Amino acid sequence: MTAGRLAPGRRPPQILSVIGARPEIIQAAPLSVALAPLADEVLVHTGQHYDAAMSENQILAIRLPSPRHNLEVGSRPDLEQLAVGTERLLRIIALERPDAVLVRGDTNGTLSGARAAAAAGLPLLHVEAGLRSYRVDMPEERNRVETDRLADVLFAPTEHAARTLRAEGARGAVHVTGDPLCDILESLRDRIRPAAGDYVLATVHRDYNTNDPARLASVLGCLARAPWPVIFPVHPRTRTSIAAWDLAVPANVTLVEPVTYPRMLELERGARAVATDSGGVQREAYLWGVPCLTLREETEWIETVETGWNALVGVDADAFAEALARPLPAERPRLFGDGAAAPRIARLTVKFLREKLEEAA
Ligand code: UD1
Ligand code: UDP
């Protein structure tokens, strides 16, 4: 396969932009807006998430343009999802002949896009590069490490992520851009009205929290210790696990369907605290100034812990209750940029492609 059509006179550059799971869909929105005047973005949905509540309703709620292709990869074991995603993306590359592939985050769609770009000889751009949990039993860790190795341009959301990439000797160019999630929250800060009442907002979907009945029961045991009602929009994999093992849902916990992003932001902003194992929700809690209890032993977003706004409580109910009672820190420094990450990423992307074009001419 050839390396796409990076030839003089073929303006604007065409970028194959891969989405597949909920966080990629949400975070694609600001970059899509920023790329629109500069490049031809071909949005490709791998179809990893397909329930309306996880995908279509989110696309509509955030006004992301409809993806041009949906590869309908669906739910499969990780290795199969990666192989099928890569193979189907290669077919789209052959059809669209883009100049580059852009991926974000750490899902199986991310690594499928990275592998497809490498196989096709196309430049790879990675948004949200340089995050690490240092847990190789997490599929996301394996996905992000390999994607970062393959990437030509690495957009690090924070200085910490950039330092990680440099220390690892990343092959590609590293830029600190800020986090597109921060762009979204800053742009909506005046419009999002906090939901009313005293409650804790919970989300849980990490595979190691949902694949083991004892561990998931401990997660629910933590939520039982909240002195307020807990609103818990349940990821489909978590709902399936709770039902399969017939786990008791504590009386103070209400399971609801996944909510649209604008509603999620209202719920986060109004919460007394957020309990989560989600990467996105940890950052959003910080950005709203809501304390976060992370139901994990480690986090990729270590700055939120260092500043005192996030506590790694694992699934220890006593640690959960203790962290919930802690006073809030006085300071909340800007960790995730100035709200202009997406335009910065768009400009750097186009500059990189122009330079490639000049080299090739
Ligand atoms: C994936 C990502 C994870 C990300 C999360 C966002 C990988 C390895 N994991 O995890 O990094 O944080 O998305 O939410 O890529 N299911 C449905 N309907 C759907 C989607 C999933 O019922 O629309 C169920 C299926 O039973 C499926 C399970 O959820 O087997 C897990 O889905 P999958 O996409 O494999 O992983 P996530 O846990 O969603
Ligand atoms: N989210 C949402 N509705 C929900 C739960 C989460 O809109 O019911 C949003 C959340 O605000 C965040 C993103 O989904 O922006 C995070 O996705 P998820 O937790 O699925 O994945 P992760 O960030 O852990 O990769």
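Note that the structure is a prediction, hence the values are computed from the model and not measured. Side-chain atoms are counted along with the backbone in the values below, which use heavy atoms only and exclude waters and symmetry mates. Note that ligands are numbered from 1 as they come in the structure, with each ligand's atoms numbered from 1 the same way. Start at 1 with the first residue, then count along the sequence.
- Between Asp148 and Arg171, none of the side-chain N atoms (NZ, or NE/NH1/NH2) sits under 4.0 Å from a carboxylate O, so this pair counts as no salt bridge.
- The two residues Tyr199 and Leu267 make their nearest non-hydrogen contact at OH-O, 2.6 Å.
- His235 does not count as a contact of ligand 2, since none of its heavy atoms falls under 4.0 Å from the ligand.
- Atom 39 (O) of ligand 1 has as its closest protein heavy atom His49 NE2, 2.7 Å.
- Residue contacts with ligand 2, taken as heavy atom pairs separated by less than 4.0 Å, do not involve Glu140 at all.
- In the vicinity of Pro258, heavy-atom distances shorter than 4.0 Å reach the ligand 2 atoms 8 (O).
- With 3.5 Å as the limit, one finds no donor-acceptor pair spanning the side chains of Tyr261 and Arg22.
- Backbone and side-chain nitrogen or oxygen atoms of Asn108 are examined, and one is located within less than 3.5 angstrom of a nitrogen or oxygen of ligand 1.
- The backbone N or O of Val234 sits nowhere less than 3.5 Å from a side-chain atom of Thr238 that would complete a donor-acceptor pair.
- At the top of the distance list for atom 22 (O) of ligand 1, counting protein heavy atoms only, stands Pro236 CB, 3.3 Å.
- Residue Thr240 has no nitrogen or oxygen atom sitting less than 3.5 Å from a nitrogen or oxygen atom of ligand 1, judged on distance alone.
- Comparing Ile26, Thr107, Asp51 against atom 18 (N) of ligand 1, the shortest heavy-atom distance belongs to Asp51.
- If you number the atoms of ligand 1 from 1 as listed, the ones under 4.0 Å from a heavy atom of Asp106 come out as 11 (O).
- Those atoms of ligand 2 with a heavy atom of Arg206 less than 4.0 angstrom away are 24 (O).
- Among the atoms of Gln48, some N or O lies under 3.5 angstrom from an N or O of ligand 1.
- The proximity of His205 to ligand 2, defined as any non-hydrogen pair under 4.0 Å, is limited to the side chain.
- The pair Arg326-Glu322 fails the salt-bridge criterion, with no side-chain N (NZ, NE, NH1 or NH2) lying under 4.0 Å from an Asp/Glu carboxylate O.
- Checking only distances, Gln58 does come within under 3.5 Å of ligand 2, N or O to N or O.
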### Task
Verify ring pair (Phe, Tyr, Trp, His ring centres under 6.0 Å) between Trp301 and Tyr286, making sure each step is shown before the conclusion.
CA-CA 10 Å; Trp301 303 96; Tyr286 183 87; over 10 Å; no
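- Ionic pairing of Glu128 and Arg283 is present here: one or more N-O contacts between side-chain nitrogen and carboxylate oxygen are shorter than 4.0 angstrom.
- Side chains of Thr203 and Thr276: a donor on one and an acceptor on the other come within 3.5 Å.
- By the criterion of a heavy-atom distance under 4.0 Å, both the backbone and the side chain of Val259 are placed next to ligand 2.
- In this structure, Gln282 does not count as a contact residue of ligand 2, since none of its heavy atoms falls inside 4.0 Å of the ligand.
- Protein heavy atom at the shortest distance from atom 9 (N) of ligand 1 is Glu140 OE2, 3.5 Å.
- In this structure, a donor-acceptor pair under 3.5 Å is present between the side chains of Ser32 and Glu41.
- Between Asp40 and Arg68 there is a salt bridge, since at least one side-chain N of the basic residue sits less than 4.0 Å from a carboxylate O of the acidic one.
- In this structure, Glu268 has a heavy atom closer than 4.0 Å to ligand 2.
- Considering backbone and side-chain atoms together, Arg76 places no N or O closer than 3.5 Å to any N or O of ligand 1.
- Taking a cutoff of 4.0 Å between a charged side-chain nitrogen and a carboxylate oxygen, Arg189 and Glu284 do not qualify as a salt bridge.
- Counted by atom type alone, His45 and Ser55 present one or more donor-acceptor pairs between their side chains at under 3.5 Å.
- Under the 3.5 Å distance criterion, with hydrogens and angles disregarded, no donor-acceptor pair is assigned to the side chains of Gln58 and His49.
- Ligand-side atoms of ligand 2 in range of Pro233: 8 (O), range being under 4.0 angstrom from any heavy atom.
- Every N/O-N/O distance between Asn143 and ligand 1 stays at or above 3.5 Å.
- A side-chain hydrogen bond (donor to acceptor under 3.5 Å, both in side chains) with Arg144 holds for exactly one of Glu140, Glu146, Glu141; it is Glu141.
- Scanning all protein heavy atoms for the shortest distance to atom 17 (C) of ligand 1 gives Tyr50 OH, 3.3 Å.
- A donor-acceptor pair shorter than 3.5 Å can be found between the side chains of Gln282 and Asn310.
- Residue Ser278 has at least one heavy-atom neighbour below 4.0 Å for each of these atoms of ligand 2: 16 (C), 18 (P), 19 (O), 22 (P), 23 (O), 24 (O).
- At a cut-off of 3.5 Å, with distance as the only test, a side-chain donor of Arg104 or Ser17 sits close to an acceptor on the other residue.
- Residue Pro23 has at least one heavy-atom neighbour below 4.0 Å for each of these atoms of ligand 1: 6 (C).
- Backbone and side-chain nitrogen or oxygen atoms of Met264 are examined, and none is located within less than 3.5 angstrom of a nitrogen or oxygen of ligand 2.
- Nearest protein heavy-atom neighbour of atom 25 (C) of ligand 1: Ser75 OG, 3.3 Å.
- From the protein, the heavy atom lying nearest to atom 31 (C) of ligand 1 is Arg237 NH1, 3.7 Å.
- Under a 4.0 Å criterion applied to the non-hydrogen atoms of Ile26, ligand 2 contributes the atoms 7 (O), 9 (C), 13 (C), 14 (O), 15 (O).
- Close approach of ligand 1 to Arg206 is summarised as follows: ligand atoms under 4.0 Å from at least one heavy atom of the residue are 3 (C), 4 (C), 11 (O), 12 (O).
- Heavy-atom contacts of Ala21 reach the following atoms of ligand 1: 13 (O) (cutoff under 4.0 Å).
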